[in-house]
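Notes for the one structure printed next.
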Amino acid sequence: MTVALTFWDGRIAPVFDVSRRILLLTIEGGRVMSRRTLSLEASAAAQRVERLVELGVDTLICGAISRLLHRELTDRGVKVIGFVAGEVAEVEKSFLAGALPSSTLSMPGCRGRRRRFRGGRHEGWNQSRRW
């Protein structure tokens with residue numbers, strides 16, 4: 001299995017669409033057999049997707065990702081675990097343990113709680129606050 005993690009400064013990069021580097025892990029039997037750091041600089045979204053597919057990536061772990069790129073990747077057979085945050089080593093360890101996605105390694109505001117809208121107003125809308 002080949003897993004790509006987008007990163008910046010030792011942490012998962014906050015936005016996949018503009019991230020420039022990936023950590024490419026080859027995993028066999030639940031253990032990392034090899035790791036490489038590669039450039040992911042591409043001017044077009046299609047090039048990013050194509051680069052990951054060329055590298056044989058089975059799973060992408062990243063921060064925020066646009067719906068377009070998420071759909072393109074999943075259509076090409078790449079599993080996307082998005083909206084992840086944290087130190088690369090901690091995310092890698094959680095992935096190997098089968099613990100991703102995880103509320104403790106999710107981007108702020110992305111902890112699995114879905115907001116519901118009723119009558120045009122946010123369920124948690126407070127008359128005294130304007131959002």
Side-chain angles (χ1 to χ4, degrees):
M1 166 189 276
T2 303
V3 178
L5 295 90
T6 58
F7 73 96
W8 178 76
D9 198 28
R11 297 183 59 81
I12 297 298
V15 181
F16 170 75
D17 300 45
V18 296
S19 59
R20 296 181 178 184
R21 300 181 77 200
I22 60 171
L23 175 62
L24 197 64
L25 305 175
T26 302
I27 300 171
E28 293 178 14
R31 294 181 47 183
V32 176
M33 304 308 285
S34 69
R35 63 181 68 237
R36 298 185 293 165
T37 299
L38 301 169
S39 172
L40 191 61
E41 294 191 44
S43 59
Q47 291 173 323
R48 285 180 171 277
V49 171
E50 194 58 39
R51 176 79 169 130
L52 292 176
V53 171
E54 285 172 2
L55 291 168
V57 171
D58 300 299
T59 302
L60 169 68
I61 300 172
C62 60
I65 183 169
S66 67
R67 287 183 183 163
L68 172 68
L69 285 176
H70 186 276
R71 185 178 58 237
E72 291 291 325
L73 286 163
T74 56
D75 286 351
R76 299 288 299 271
V78 178
K79 178 181 178 183
V80 177
I81 302 174
F83 300 93
V84 175
E87 298 290 326
V88 170
E90 187 177 356
V91 171
E92 178 183 329
K93 181 179 174 183
S94 290
F95 178 77
L96 291 171
L100 278 184
S102 161
S103 62
T104 60
L105 293 172
S106 294
M107 295 182 81
C110 300
R111 302 212 188 280
R113 295 180 189 154
R114 297 206 176 243
R115 304 286 186 199
R116 304 216 187 265
F117 292 88
R118 293 188 184 152
R121 290 193 175 161
H122 190 278
E123 200 175 286
W125 188 73
N126 181 333
Q127 292 283 346
S128 64
R129 296 182 70 191
R130 296 177 188 245
W131 327 340

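Model, not experiment: these values are computed from the prediction.
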Test item: Val84 and Pro101 side chains (from C-beta on) under 4.5 Å apart, heavy atoms: no

Within residues 17-28 or reaching into it, pairs that qualify as salt bridge (Lys or Arg N to Asp or Glu O under 4.0 Å) - sequence neighbours excluded: none

All side-chain contact (heavy atoms from CB on, under 4.5 Å) counterparts of Leu68, not counting sequence neighbours: Ser66, Arg71, Glu72

Test side-chain contact (heavy atoms from CB on, under 4.5 Å) applied to Ser39 and Arg51, step by step: CA-CA 10 Å; Ser39 172; Arg51 176 79 169 130; 5.8 Å; no

For Ser34, side chain to side chain donor-acceptor pair (under 3.5 Å) partners two or more places apart: Thr26

CA sep, side-chain torsions, deciding dist, call: Arg48, Thr6, side-chain contact (heavy atoms from CB on, under 4.5 Å): CA-CA 12 Å; Arg48 285 180 171 277; Thr6 58; over 6 Å; no

Summary of salt bridge (Lys or Arg N to Asp or Glu O under 4.0 Å) pairs that have at least one residue in residues 52-69, sequence neighbours excluded: none

Set of side-chain contact (heavy atoms from CB on, under 4.5 Å) partners for Lys93, sequence neighbours left out: none

OG1 on Thr37 to CZ on Phe7, rounded to 0.5 Å: 4.5 Å

Residues which pass side-chain contact (heavy atoms from CB on, under 4.5 Å) with Thr59, listed by chain and number, not counting sequence neighbours: Met1, Val3, Ile61, Lys79, Ile81, Phe95

Step-by-step side-chain contact (heavy atoms from CB on, under 4.5 Å) determination, Thr2 to Leu55: CA-CA 8 Å; Thr2 303; Leu55 291 168; 5.7 Å; no

Cluster overlap Trp8 with Ile65, hydrophobic side-chain contacts below 4.5 Å: no

Those residues that, when tested against Ala4, pass side-chain contact (heavy atoms from CB on, under 4.5 Å) (two or more places apart): Ile22, Leu24, Leu52, Val57, Leu60

Main-chain N/O of Val91 paired with Ser94 side-chain donor or acceptor, under 3.5 Å: no

Pairs meeting criterion side chain to side chain donor-acceptor pair (under 3.5 Å) with involvement of residues 80-92, two or more places apart: Arg11-Glu87, Arg35-Glu92

Val18: hydrophobic cluster co-members (side-chain, 4.5 Å): Val15

Closest contact, heavy atoms only, Ala85 versus Ile12: CA-CB, 4.4 Å

